Amino acid sequence: MTTPTLDSAVAIARALGHPARLRTVAMLRSGELCVCQITEVLKLAPSTVSAHLKELKAAGLIVERKEGRWVHIGLTSEADVRAVVDASLASLEGDRQLADDAVFVDELRRLPVEVLCRVGYDGARSECARNRGAKA
């Protein structure tokens, strides 16, 4: 565990100070997500999501794991940083946007990442439905 400094506290506060980044951190509480999944939930351009993820990473809030062509994002395991994240999100329990995001994330987790990244949410749902129909 690192020793927190004023600079690191300010970086964390700044990173959590944007709705898209706060939503991203909230999504990651349920486990890591592929960048394409985060992009689907936020409904932002991939370059914009990338910029938000860069800020979260610089603040030490997230970690990346590359698996083939896909980059998976997770919350840091550092206890002091996780405590700040948990405290920041505690006051948002019951927030409609975060609840809707959680439901959508659950749905996205059921779709193969390789399909979702290739054809997007609607295409992945259609492709998976076709595949289920073909197996029946």
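Owing to the predicted nature of the structure, the values given are computational and were not obtained by experimental measurement. Numbers here are sequence positions counted from 1.
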Could you go through the side-chain contact (heavy atoms from CB on, under 4.5 Å) check for Arg109 and Ser30 one step at a time?
-> CA-CA 11 Å; Arg109 288 184 191 282; Ser30 64; 2.9 Å; yes

Hey, mind stepping through Leu111 and Cys128 against side-chain contact (heavy atoms from CB on, under 4.5 Å) and telling me if it holds?
-> CA-CA 7 Å; Leu111 298 173; Cys128 288; 3.9 Å; yes

Applying side-chain contact (heavy atoms from CB on, under 4.5 Å), run through Val35 and Ser50 and close with a yes or a no.
-> CA-CA 8 Å; Val35 173; Ser50 179; over 6 Å; no

Report the C-alpha distance between Ile73 and Glu32 in whole Å, list the side-chain angles of each, state the deciding distance to 0.1 Å, and finish with yes or no for side-chain contact (heavy atoms from CB on, under 4.5 Å).
-> CA-CA 5 Å; Ile73 306 295; Glu32 71 177 18; 5.9 Å; no

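In this structure, CG in Leu22 is found 6.5 Å from CG in Leu98, a value given to the nearest 0.5 Å. One finds the CG atom of Leu108 at 7.0 Å from the OH atom of Tyr121 (value rounded to the nearest 0.5 Å).
A disulfide bridge does not connect Cys117 to Cys34: their SG atoms sit 2.5 Å or farther from one another.
For the pair Arg23 (side chain) and Val41 (backbone), a donor-acceptor distance under 3.5 Å is present.
Asp101 and Gln97 form a side-chain donor-acceptor contact under 3.5 Å, judged by distance and modelled atom types alone.
A 4.5 Å side-chain heavy-atom check between Lys57 and Lys54 finds every atom pair outside the cut-off. Using a 4.5 Å heavy-atom cutoff, the side chains of Leu16 and Leu61 are in contact. Leu33 places none of its side-chain heavy atoms less than 4.5 Å from the side chain of His72. Side chains of Arg14 and Glu55 form a contact here, defined as non-hydrogen atoms less than 4.5 Å apart. When side chains are defined from C-beta on, Val81 counts as touching Ile12, because their heavy atoms get closer than 4.5 Å.
Ring geometry for His18 against His52 counts as tilted: the plane angle lies between 30° and 60°, on a 0 to 90° scale.
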